[in-house]
Each structure stands twice: as structure tokens, then as C-alpha cells.
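Keep in mind it's a predicted model, so treat the numbers as computed, not measured. Letters A, B, ... mirror the listed sequences (proteins, then strands); counts begin at 1.
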Number of protein chains: 2
Amino acid sequence: MRLDQFDLALLEAVQQDATISQQDLGARVNLSSAAVNRRLKKMNMHGVIRKTVALVDPAHLGYALTVITEVEVESERLDLLDAMKRSFLACPQVQQCYYVAGACDFVLVMLVRNMEEYTQLTRELFFESNNVKGFKTLVSMSNVKVGTAVPVGSEGH
Amino acid sequence: MRLDQFDLALLEAVQQDATISQQDLGARVNLSSAAVNRRLKKMNMHGVIRKTVALVDPAHLGYALTVITEVEVESERLDLLDAMKRSFLACPQVQQCYYVAGACDFVLVMLVRNMEEYTQLTRELFFESNNVKGFKTLVSMSNVKVGTAVPVGSEGH
DNA sequence: CATGAAAGAAGCCGTAC
DNA sequence: GTACGGCTTCTTTCATG
């Protein structure tokens, strides 16, 4: 799908705040509310906009700790990797999981209430998998930036 | 702010899809649309819901690569660290940045169009800071999970 | 104090131009 | 692309347990 300057301007706006009314969006990008409606609907259908969600502050739900875990696997056998991926996907505390090339194999970003909860999770996710050679834990002291906005237009030099 | 079962059920729903109408939400949790409206407004004001945003598919904007970078700093002097944090915050390709305890000091999750863009960013962010001892690059081969939903209720173990 | 019902305001979205 | 109009959704008020 081809995106013009109007689409990009709309994407930039709704990535910051999806509650802005379509006529306010129109005023911002110089378009009628009907045109805004059509463009947003199109981008939703084409998957440019994956979904619209509320972002919840983890602290208000007791999730005080962000932990990053680098996991090294024993075997790269596809069925074993898939089983691991599935267990990471199913775990609600796992916010993100990347399968990476490099020194380790998986990088996980997790949200936990306390260290006990993390310890418990490492048992479930790593020890019980029987395919984890080792893992390294990095505890976040400061979540400097936790963003969701994809760069739009010419921001990225 | 104290959250009851209704609030938690609403949070769980709007974290998945914030476009559901308030009366549909009400039907789901057994509450009138007016009550849903009041509760959502309250949680917005108290910061339990930080914001509501559209999630954009990076691939549709040409951002094909996810790169994780572990940065080791030269000096832990506060003013130098702050300057680094600011530069990470200001960089739109940096999706997340954590200041961590452990083997390295910063973990960055970045979204780039290609390796050239990443190389260019490492120059701007790391070499020009004059406070980076070294960094390790992990390229994601598969974004297994990139979620935003904070666990709610008894999902956690 | 939070709820549900109902009325008024605001926003969405199809049709026409 | 814009302008209009019906229809849905939101939001406030008010009486109630």
C-alpha cells in the first residue's frame, strides 16, 4: 500500500494519541473529517495500523520490575526452538521476545512484580524447557524509554 | 488508586482493543455504558491508562530490521549518563532504552530500515558521545513477541 | 459512593457532489 | 477531494439502593 504525506501525518498523530477526533485530525493535516475517516479505515484494513490499544502503566498493577534476559539454547533444532517460542508467547509477563543472531539466542523483556516472581518464571521458562544452556539477567534500574511509535516521514534523517 | 474486578476486566479488554464501544464493554463485564465511561475516565485521569495509541506495523513504513544493542559506558558520571539518555530519548529509531545493572549499562531496542541506517546511528549515538567503551549488536531474526499488554488479574502464574 | 436510565451533545460514516 | 445528514457512541444529569 502506498502512503502519501497525509497518511504519514495521520500515522504520526494517532501513534501519539488515538483518541483525537477525526475532525480535529483533519484540521491538523488540512483534510476533511470524511477524508480522514477513509484514510484511517484503509490503513486499518491494510494492516498499516495493526490495532488500537490502551497503554497501561505497569506500576499501577504492581509490576515494578523490568528484567531483560538473554537466553542461550542447547540445541537449535527447529521443533525445540518452536516449543520455546510458544512458551514465551504464552507467558503474559514476557512483553517482548526476539530470536537473535549473535552471542545469545533469545532476548526477552519481562515485566514482573518482584524478584521472587522472576525466579519462579525462570524455572518455568528455562529450567523446565530442557533446552537452555544458560541465561544472563539484566535488571533495569531506569526505563529510560518505552515507546511504541514507529518513525514516520523524514524524522529518521 | 484502588482497582476492583470490573476495572481489571476493563483494562484487560482495552489493552487488546481500545476501539470497542463502551456499551459492548459494558455487556462484556456486566456494567452499564455509563459506569464503563466513568471508570475508564477515572483510570485515564489517575494514569492507570497512560494513553491510547494506534500500533503501526513497522514493515509497512520500511522498518524491516529490529536491532538490540548492549552499550557499555566509559564513565558512570551522572551528567554524562544523562546526556546519553537524552540522545537515546530523542532518537525516533530507539523504541526502548533501559539502563541496567549487570554486564553492560544500556540496552537499546531499535527499529531501522537497513544495516546502513543502523551503522549511521551507531556513529551518532555511540561514537560521538565520547563515553561509550563498547557495544554489542544483536540482530533480530524473528520478532517472536512484541506486546504492550501488562498482565492483569490472576494471569500471572 | 457507585449504579442504571434517559436525554442531550459529539463523533462517526455513508451518500452525493 | 468536500459537504451534508442520519445514525451510533459518548457523556452528563438525576433518582435510587
task = Round to a whole Å and report the spacing from CD of A:Q22 to P of D:dG1.
result = 14 Å
message = Distance check needed: C:dA2 P versus B:Q5 CD, whole Å only.
response = 17 Å
ask   = Are any of A:Q23's side-chain N or O atoms less than 4.0 Å away from OP1 or OP2 of C:dC12?
value = no
Nearest-Å distance for atom pair CG/C1', residues B:L25 and D:dT9 = 12 Å
ask   = So, the side chain of B:Q93 versus the backbone of B:L121: is there a donor-acceptor pair under 3.5 Å, distance only?
value = no
query = Does the side chain of A:L138 reach to within under 4.5 Å of the side chain of A:V67, using non-hydrogen atoms?
reply = no
message = I want to check something: taking the side chain as every heavy atom from C-beta on, are A:V53 and B:L55 in contact at a cut-off of under 4.5 Å?
response = yes
request  = Could you tell me whether a side-chain N or O of A:K145 sits under 3.5 Å from a main-chain N or O of B:C91, the two making a donor and an acceptor?
outcome  = yes
task = To the nearest Å, give me how far apart CD1 (A:I20) and P (D:dC10) are.
result = 17 Å
message = Between B:N143 and B:T66, do the side chains contain a donor N or O and an acceptor N or O under 3.5 Å apart?
response = yes
request  = Check whether any side-chain heavy atom of A:K51 sits under 4.5 Å from a side-chain heavy atom of B:Q16, and report yes or no.
outcome  = yes
query = Do the side chains of A:N131 and A:F126 get nearer than 4.5 Å, heavy atoms only?
reply = no
query = Quick one: do B:R39 and B:D4 make a salt bridge, cutoff under 4.0 Å?
reply = yes
ask   = Within this structure, what is the CZ-to-C1' distance between B:R2 and C:dC1, rounded to whole angstrom?
value = 14 Å
task = Please work out the stems of DNA chain C from pairs that are Watson-Crick or G-U wobble with both distances under 3.5 Å, keeping only runs of three or more consecutive pairs.
result = C:1-7 with D:11-17, C:9-17 with D:1-9
query = What's the closest nucleotide to the A:F6 side chain, out of C:dT3, D:dG1, C:dC12?
reply = D:dG1
request  = For B:S21, report the nucleic acid contact type (base, sugar-phosphate, nothing); a contact means any heavy atom under 4.0 Å.
outcome  = sugar-phosphate
query = Between A:D7 (CG) and D:dG1 (P), how many Å, whole number?
reply = 8 Å
query = Quick one, which residues of residues 34-41 of chain B touch DNA chain C with a heavy atom under 4.0 Å?
reply = B:A34, B:A35, B:R38, B:R39
